[in-house]
Protein chains: 2
Amino acid sequence: MINVAIVDDHELFREGLVLVLDQIDEINIVKDYCSGNEFLSDLDNLNIDIVLMDIKMEGLNGIETTQKAKAIKPDLKVIAVTMFVEDSYYMQMIQAGAHGFVLKKAGKYELGQAIMEVYKGGNYFSQEILQKMALSAIGGTNSKENQLSNREIEVLQLICKGLSTKEIAESLFLSQKTVEVHRSNILRKSEQKNIAQLVIWAVKNNYTSI
Amino acid sequence: MINVAIVDDHELFREGLVLVLDQIDEINIVKDYCSGNEFLSDLDNLNIDIVLMDIKMEGLNGIETTQKAKAIKPDLKVIAVTMFVEDSYYMQMIQAGAHGFVLKKAGKYELGQAIMEVYKGGNYFSQEILQKMALSAIGGTNSKENQLSNREIEVLQLICKGLSTKEIAESLFLSQKTVEVHRSNILRKSEQKNIAQLVIWAVKNNYTSI
DNA sequence: ATTGCAATAGGGGAAAACCCTTAGTAATGT
DNA sequence: ACATTACTAAGGGTTTTCCCCTATTGCAAT
């Protein structure tokens with residue numbers, strides 16, 4: 001019996017997921033949570049093998065929740081359940097310690113397969129994710145060089161809220177020039193050519209929520 | 001017994017929804033579809049009271065699917081099931097003939113309630129939607145004045161793809177000045193102050209998909 | 001018929017974004 | 001100790017966005 005917990009802030013999806021997985025004999029849904037914080041505060045008393053984790057969530061997101069959960073229970077296995085497939089996005093989640101990655105448009109058989117595979121000590125990644133990984137391996141446009149720094153992420157989030165360079169500078173107590181540098185480093189690293197593309201990219205890569 | 005169909009391209013969510021609703025005695029899930037086209041081509045042979053319709057879908061979206069479905073079966077009742085709450089978005093769906101509007105973060109009880117209400121001939125709108133409607137009624141910032149024209153929608157979609165004014169002008173065979181006029185009319189009507197905010201607004205209002 | 005609006009397009013100008021260079025400081029890792 | 005990197009900031013420049021203004025054409029509604 002595989003003991004599984006679910007963390008997802010979309011109630012309808014979460015309720016459905018519980019029922020879907022209850023149909024699989026080998027899987028036992030222990031509990032489901034609507035937020036990362038709720039899950040973390042329960043983690044000590046929780047006897048689970050695997051947690052299915054949504055990435056985009058209000059409050060603590062899936063990446064942060066995974067990092068904190070792994071700090072408490074290093075053996076916990078995390079499968080990310082997500083809407084989009086984008087670069088730094090899944091890389092962050094893998095770095096945080098996720099063993100699997102399933103898209104929400106996948107079916108129950110695929111999710112079941114992912115849970116089995118991860119339970120046995122393996123990894124599972126959706127076809128779409130594997131393609132992305134393969135492409136970034138070929139292009140070499142991945143990993144560290146293109147990772148945003150903390151400050152850059154902060155600036156990116158303000159850009160996505162619609163703040164101008166001047167406003168960002170004021171709100172972070174920086175000079176406009178510094179913010180300009182961050183902006184252009186963000187554009188370079190994300191390989192986007194303007195703010196419109198950057199905002200879409202940021203949403204897809206989970207730097208901001210909509 | 002209320003006969004219900006589901007149209008949603010996220011398989012896991014759809015499968016979950018089927019199981020959630022099967023728990024409610026009064027509801028019978030007749031069939032579920034992963035696309036608008038699939039649903040429409042089956043509609044003639046389908047004996048259902050209500051269809052739960054996702055708005056954001058690959059191919060035919062929920063609004064288009066609803067319009068076409070109502071043309072075939074005017075008595076069909078549609079409940080939109082969606083992620084976001086934004087202005088023109090739900091207005092379009094209501095104009096297309098939807099009787100209800102439920103957020104994906106709602107729970108099964110709320111969804112059940114919505115189905116019952118719409119089946120009895122009423123309407124059901126999530127609290128969040130009602131708030132939006134009330135606000136736009138007070139502010140008067142709704143309806144026609146702020147509705148984007150076809151050309152504006154076309155320009156908006158190109159903006160969201162990251163094209164500059166110059167590139168948009170070239171691709172639509174217009175002068176840059178004309179595109180500039182469209183841009184600022186779009187910003188004025190959407191009440192957003194720059195491209196970053198506009199892109200987020202466009203995604204929320206279903207003018208573009210991410 | 002006239003009013004209204006969408007769509008077209010121009011002039012002109014202020015502000016913001018974008019791109020290049022250089023450069024110092026502080027923290028981190030080998 | 002030394003290299004690397006994040007963060008800071010400036011000078012100086014081009015391009016783009018954004019905001020006024022005016023103006024014509026053509027379609028549609030009353």
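The sequence lines fix the lettering, A, B, ..., with proteins before strands; numbering per chain opens at 1.
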- What do the steps show when you test Glu154(A) against Arg151(A) for salt bridge (charged side-chain N to carboxylate O under 4.0 Å, His left out), and what is the final call? CA-CA 5 Å; Glu154(A) 205 172 350; Arg151(A) 201 51 151 174; 3.1 Å; yes
Atom pairs, N/O to N/O, protein against nucleotides 10-19 of chain C, distance under 3.5 Å?
unit_1: dG10(C); atom_1: OP2; unit_2: Ser175(B); atom_2: OG; d: 3.3
unit_1: dG11(C); atom_1: N7; unit_2: Lys177(B); atom_2: NZ; d: 3.3
unit_1: dG11(C); atom_1: O6; unit_2: Lys177(B); atom_2: NZ; d: 3.1
unit_1: dG12(C); atom_1: O6; unit_2: Lys177(B); atom_2: NZ; d: 2.4
unit_1: dA17(C); atom_1: OP2; unit_2: Thr165(A); atom_2: N; d: 2.9
unit_1: dA17(C); atom_1: OP2; unit_2: Thr165(A); atom_2: OG1; d: 2.8
unit_1: dC18(C); atom_1: OP1; unit_2: Ile195(A); atom_2: N; d: 3.4
unit_1: dC18(C); atom_1: N4; unit_2: Glu180(A); atom_2: OE1; d: 2.8
unit_1: dC19(C); atom_1: N4; unit_2: Glu180(A); atom_2: OE1; d: 3.1

- Message: I need the single residue from Thr66(B), Val51(B), Asn37(B), Leu40(B) that forms a side-chain contact (heavy atoms from CB on, under 4.5 Å) with Val7(B). Which is it?
- Response: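 Running side-chain contact (heavy atoms from CB on, under 4.5 Å) over Thr66(B), Val51(B), Asn37(B), Leu40(B) with Val7(B) returns exactly one hit, Val51(B).
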In whole angstrom, give the distance that lies between atom [atom1] of [X] and atom [atom2] of [N].
X	N	atom1	atom2	answer
Ile159(B)	dT17(D)	CD1	P	8 Å
Asn185(A)	dC20(C)	CG	P	11 Å
Leu172(A)	dA6(D)	CG	C1'	15 Å
Leu148(A)	dC7(D)	CG	P	10 Å
Gln192(B)	dC18(D)	CD	P	12 Å
His182(A)	dA10(D)	NE2	P	13 Å
Arg151(B)	dG26(D)	CZ	P	16 Å
Ile168(B)	dT8(C)	CD1	P	13 Å

- Got a sec, which pairs hit ring-ring contact (aromatic ring centres under 6.0 Å, His included) with one end in residues 31-59 of chain A, sequence neighbours left out?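 Applying ring-ring contact (aromatic ring centres under 6.0 Å, His included) to every pair that reaches into residues 31-59 of chain A, excluding sequence neighbours, yields Tyr33(A)-Phe39(A).
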Could you check whether [X] pairs with [Y] (Lys NZ or Arg NE/NH1/NH2 to Asp/Glu carboxylate O, under 4.0 Å)?
X	Y	result
Lys177(B)	Glu180(B)	yes
Lys193(B)	Glu167(A)	yes
Lys104(A)	Asp54(A)	yes

